[in-house]
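The figures that follow rest on heavy atoms only: side chains count, while hydrogens, waters and symmetry mates do not. Note on naming: letters A, B, ... go to the chains in the order of the sequence lines (proteins, then strands), and numbering restarts at 1 for each one.
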Protein chains: 2
Amino acid sequence: MALPREYTSEDCPVARALEIVGERWTLLIVRDALYGVSRFSDFRDHLGIPRAVLTDRLNLLVENGILARVTAASGRDEYSLTAKGEGLWPAVWSLITWGNEHYVSEDGCRPFTHVGCGGTLAADGRCESCGTRPQPGELTLHPRAKTSPARKTDPVSQALSVPHRLLTPIARTPAQ
Amino acid sequence: MALPREYTSEDCPVARALEIVGERWTLLIVRDALYGVSRFSDFRDHLGIPRAVLTDRLNLLVENGILARVTAASGRDEYSLTAKGEGLWPAVWSLITWGNEHYVSEDGCRPFTHVGCGGTLAADGRCESCGTRPQPGELTLHPRAKTSPARKTDPVSQALSVPHRLLTPIARTPAQ
DNA sequence: TCCTCACGGTTCGGTGAATGAACTTATGGC
DNA sequence: GCCATAAGTTCATTCACCGAACCGTGAGGA
């Protein structure tokens, strides 16, 4: 029962995309993968997703060519985005901008900057400084301006509390 | 039980957005609303969604200010996108381009053109001709180049089998 | 007036998925 | 060997989705 339920309008690209990425949790996993998360426990601790569901979703994403499963030197499996998976960045960015506009306060937004020139990423996905559309790997995610009171303590939240370049692995050193 | 289940990372704009549009069917309803669908039966016939689920999702979208429910002259309720709802167009467009790239054949793609100048909409959401980023209401959706064999017979599919400007109501004349 | 139909729901039983907790296996360090 | 961790798997409960049947209202026709 690996395949998710299908939408009937199979000729519509939105429906086709949502058959995979519309499943609960999958787009958040892709988002974390864009942030550089690659290990099972990091996805789990950061998202708070049940283990069985995470297993199912990772398999789904690997089967559909969005994530690639590779066995790291440590012997543990790691998951990284394929080119097809990185192609979801515009969709994720659209949701980031929409969510920021309607649900996040002004000083709660986390800016993205273009690694090449330092410009801020505008809502249309272009660098305000140089005008190009950076790939996700060319972007740095910054912490929000106002430090929020309650901080999560999982490794991913720790790694994202300082400027972090997308698609680069998060630090594996345990906190504290 | 109107509210959908919440994702834990409430400080993330993607998670906040997905709490609403990440629910099954909701983004397809928004897509249809962008196409100009406004009536319960049209959503139902075009999407093949169960009535109870459609009722639930329409209420959810109205409560969250994405759709507005208005009683038409006929006495029937109609649903139209708010400005906040139209703000989801970039996300829908991102999924259209991603879905087209990976799941739709070259001649199966339906082009969007800019009403003002007639230019085709590029993957980055800009008009290839004039370079602007048209709002959804300034776009026309065209049928695919190759006529597909099996056509659906519901009013929405009929209306979209010819060029149709987004956000304009679909024809209410019954087919046949 | 009565009948019928279409539309927009609501209700209900059956089914499958999500959830959290407990259990299993494999790996590495001491 | 012993312990800790990582990555699953299994399981009972809960919950959402599904399809079908059932309501309530308004329009149109005989």
Side-chain angles (χ1 to χ4, degrees), chain A residues 1-8 15 18-20 22-29 32 37-62 67 69-79 154-156 169-170 172-176, chain B residues 1-8 15 18-20 22-29 32 37-63 67 69-80 154-156 169-170 172-176:
Chain A
M1 203 64 54
L3 280 193
R5 190 170 285 76
E6 299 164 13
Y7 294 104
T8 50
L18 288 178
E19 283 176 17
I20 301 165
E23 284 289 294
R24 189 160 160 73
W25 295 111
T26 49
L27 209 52
L28 287 175
I29 293 171
D32 271 15
V37 177
S38 60
R39 291 178 53 167
F40 187 95
S41 58
D42 286 338
F43 284 114
R44 187 193 184 313
D45 294 342
H46 189 222
L47 295 174
I49 179 177
R51 294 166 179 277
V53 179
L54 180 55
T55 301
D56 185 75
R57 292 302 184 278
L58 289 174
N59 288 335
L60 176 79
L61 289 168
V62 168
L67 291 179
R69 181 187 282 114
V70 295
T71 302
S74 66
R76 309 239 173 254
D77 280 351
E78 298 195 346
Y79 301 87
D154 64 277
V156 176
I170 64 162
R172 293 297 320 142
T173 309
Q176 184 176 6
Chain B
M1 203 64 55
L3 278 193
R5 188 170 287 74
E6 299 163 14
Y7 294 103
T8 51
L18 288 178
E19 283 176 16
I20 302 167
E23 286 288 294
R24 187 161 163 72
W25 295 111
T26 48
L27 210 51
L28 287 176
I29 292 171
D32 270 16
V37 178
S38 61
R39 291 178 52 167
F40 188 95
S41 58
D42 285 338
F43 284 115
R44 173 165 173 37
D45 294 342
H46 190 223
L47 295 173
I49 178 177
R51 295 168 116 82
V53 180
L54 179 55
T55 301
D56 185 75
R57 292 302 185 279
L58 288 174
N59 287 335
L60 177 78
L61 289 167
V62 169
E63 286 167 10
L67 290 181
R69 180 188 283 115
V70 295
T71 301
S74 65
R76 308 232 172 262
D77 280 351
E78 298 195 345
Y79 300 88
S80 61
D154 64 276
V156 177
I170 63 161
R172 292 299 320 143
T173 308
Q176 183 177 10

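- Between the C1' atom of C:dG9 and the CD atom of B:Glu78 lies a distance of 16 Å, rounded to the nearest Å.
- Residue-level contact check: A:Tyr79 touches the backbone only, with heavy atoms under 4.0 Å from sugar-phosphate atoms and none from bases.
- At whole-Å resolution of the value, CG in B:Asn59 and P in C:dG9 are 8 Å apart.
- A:Phe43 places none of its side-chain heavy atoms less than 4.5 Å from the side chain of A:Leu28.
- The heavy-atom pair separating A:Arg24 from A:Arg57 by the smallest distance is O-NE, 2.9 Å.
- Between B:Phe40 and A:Arg51, the residue anchored closer to the 5' end of DNA chain C is B:Phe40, taking for each the nucleotide with the nearest heavy atom.
- In this structure, A:Leu28 atom CG and C:dA18 atom C1' are separated by 15 Å, rounded to whole Å.
- In this structure, CG of A:Asp56 is placed 17 Å from P of D:dA7, rounded to the nearest angstrom.
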Full working for side chain to side chain contact (heavy atoms under 4.5 Å, CB included) between B:Arg69 and B:Asn59
CA-CA 9 Å; B:Arg69 180 188 283 115; B:Asn59 287 335; 2.6 Å; yes
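- Between the P atom of D:dA20 and the CZ atom of B:Arg44 lies a distance of 9 Å, rounded to the nearest Å.
- Mapping A:Ala52 and A:Arg76 onto DNA chain D via the closest heavy atom, the residue that lands nearer the 5' end is A:Arg76.
- Between A:Leu67 and A:Leu58, some side-chain heavy-atom pair lies under the 4.5 Å cut-off.
- Taking 4.5 Å as the limit, some side-chain heavy atom of B:Ile29 sits within range of a side-chain heavy atom of B:Leu54.
- Nucleic acid contact class of B:Arg69 (heavy atoms, under 4.0 Å, all strands): none.
- Within the structure, a side-chain polar atom (N or O) of A:Ser41 is placed less than 4.0 Å from OP1 or OP2 of D:dA7.
- Between the P atom of D:dC17 and the CD atom of A:Glu19 lies a distance of 17 Å, rounded to the nearest Å.
- Residue B:Ile49 contributes atom CD1, which lies 18 Å from atom P of C:dC7 at whole-angstrom precision.
- Contact check, A:Trp25 against C:dT19: a side-chain N or O comes under 4.0 Å of OP1 or OP2.
- We find that CD of A:Glu23 is positioned 13 Å from C1' of D:dA16, with the value rounded to whole Å.
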